[in-house]
Amino acid sequence: MAVTVTELTPTTGVEITGLSGSRLVDKAVAEECRAALDRRGVVVYREAHLDDADLVAFSRLLGRVVPLPMGGHPTHPEIQRITRDPSKSPLAAYREGTFHWHIDGTTDEVPNMTTLLTARQISADGDGDTEFANTFAAYEALPAEEQRELDGLRVVHSFAASQLLVTPDPSPGERAAWDRNPAREQPLVWTRPGGRRSLLIGATAGEVAGRPTDEGRALLNRLLEWATQPRFTLRHRWRQGDLVLWDNTGMLHRALPYGKASARLMHRTSLAGVEAVA
Ligand code: OGA
Ligand code: MN
């Protein structure tokens with residue numbers, strides 16, 4: 001089948017058709033994928049239908065695969081099952097957290113570089129799309145004066161901040177469980193060695209260090225609203241077998257809500273980051 005490559009929005013996303021199964025597990029394909037991720041943030045392989053072994057093999061060609069705790073997969077510790085069905089994942093109860101814009105691993109010193117998600121089973125009702133917002137593009141489009149105002153600001157990221165969006169009134173037990181995940185302060189603007197910059201914001205961003213809580217929250221809310229305008233976003237409508245990868249260091253993402261009883265099942269792998277936020 002002929003391979004087609006289509007850019008999806010002016011700033012974000014590439015869709016590739018005509019590549020599936022073990023044809024993806026190829027050095028040259030992985031190199032092109034990496035380049036497309038750097039340039040466009042999100043890469044979609046339509047109906048790629050990778051089996052679990054090929055998902056892991058393709059991931060390994062792209063970077064260092066990190067084992068995901070409590071992945072729920074019976075035979076592949078590298079794969080995490082993303083679902084609301086508690087019989088398939090011990091983390092099912094936390095999935096509502098992904099309905100809010102976020103970046104994975106912001107409380108890690110070195111956040112994951114790339115996330116890969118492949119659709120094993122899509123929702124019957126057409127819900128559960130995934131949206132992305134390009135924070136490289138969002139930062140670049142800020143007026144220079146506002147960019148300067150963000151210089152040097154630091155943000156406290158925590159699992160608790162993201163869970164508060166789902167459960168605003170936690171019991172002391174819930175709160176204590178969240179707080180077992182240590183918070184981490186990170187720069188608000190992430191500057192890469194090559195000079196590119198992105199915003200490290202989203203659900204885990206609780207407050208701006210050294211600012212009154214309300215003032216910090218207002219700034220974080222304003223930046224999130226700015227970055228998730230339609231002009232910086234991309235919506236992926238899943239088909240069974242799709243493989244979607246994103247540059248987790250600059251792409252906010254969220255799942256559009258899907259129900260507790262939804263059949264939606266994604267298999268995910270993650271690639272280790274190569275640089276701390278700076
Ligand atoms: C995740 C995530 C989005 C989705 O697994 O970290 O954000 O659409 N998933 O399931
Ligand atoms: Mn995520």
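Read the numbers this way: they start at 1 and go in the same order the structure lists the ligands and their atoms. In what follows, residues are counted from 1 in the order of the sequence shown. Computed over heavy atoms, backbone and side chain alike; hydrogens, waters and symmetry mates excluded.
A donor-acceptor pair under 3.5 Å is formed between the side chain of His102 and the backbone N or O of His100.
Leu245 CG to Thr118 OG1: the interatomic distance, rounded to the nearest 0.5 Å, is 9.0 Å. The distance from the CG atom of Asp38 to the SG atom of Cys33 is 10.0 Å, given to the nearest 0.5 Å. The CZ atom of Arg239 lies 4.0 Å from the CZ atom of Arg46; values are rounded to the nearest 0.5 Å.
For Arg254 and Phe99, the positive end is not near the middle of the six-membered ring at less than 6.0 Å and at most 45° from its axis.
Counting only residues at least two apart or on different chains, the side-chain hydrogen bond (donor to acceptor under 3.5 Å, both in side chains) pairs with a member in residues 215-224 are Glu146-Arg222, Arg217-Asn221.
Taking any N or O of Tyr258, backbone or side chain, none lies under 3.5 Å from an N or O belonging to ligand 1. Backbone and side-chain nitrogen or oxygen atoms of Thr98 are examined, and none is located within less than 3.5 angstrom of a nitrogen or oxygen of ligand 1. The shortest N or O to N or O distance between His102 and ligand 1 is below 3.5 Å.
Near Arg268, meaning under 4.0 Å from any of its heavy atoms, are these atoms of ligand 1: 1 (C), 5 (O), 6 (O). Of all the atoms in ligand 1, the ones that sit under 4.0 Å from a non-hydrogen atom of Asp104 are 6 (O). Heavy-atom contacts of His253 reach the following atoms of ligand 1: 2 (C), 6 (O), 7 (O) (cutoff under 4.0 Å). Listed by atom number, the atoms of ligand 1 under 4.0 Å from Thr130 heavy atoms are 4 (C), 8 (O). The ligand atoms of ligand 1 that sit less than 4.0 angstrom from a heavy atom of Ala255 are 4 (C), 8 (O).
The aromatic ring centres of Phe232 and Phe132 sit 6.0 Å or more apart. Ring centroids of Trp246 and His253 are separated by less than 6.0 Å, placing the two rings close together.
Between Trp190 and Thr249, the side chains place no donor N or O within less than 3.5 Å of an acceptor N or O (distance only, hydrogens not considered). Donor-acceptor pairing under 3.5 Å is lacking for the side chains of Thr9 and Arg40. A donor-acceptor contact closer than 3.5 angstrom links the side chains of Arg268 and Ser270.
Any protein N/O/S atom under 2.8 Å from the Mn ion (ligand 2) was counted, giving 3 altogether.
Across Arg264, Met266, Arg95, heavy-atom proximity to atom 10 (O) of ligand 1 is greatest for Arg264.
At the shortest separation from atom 9 (N) of ligand 1 among protein heavy atoms lies Leu117 CD2, 4.0 Å.
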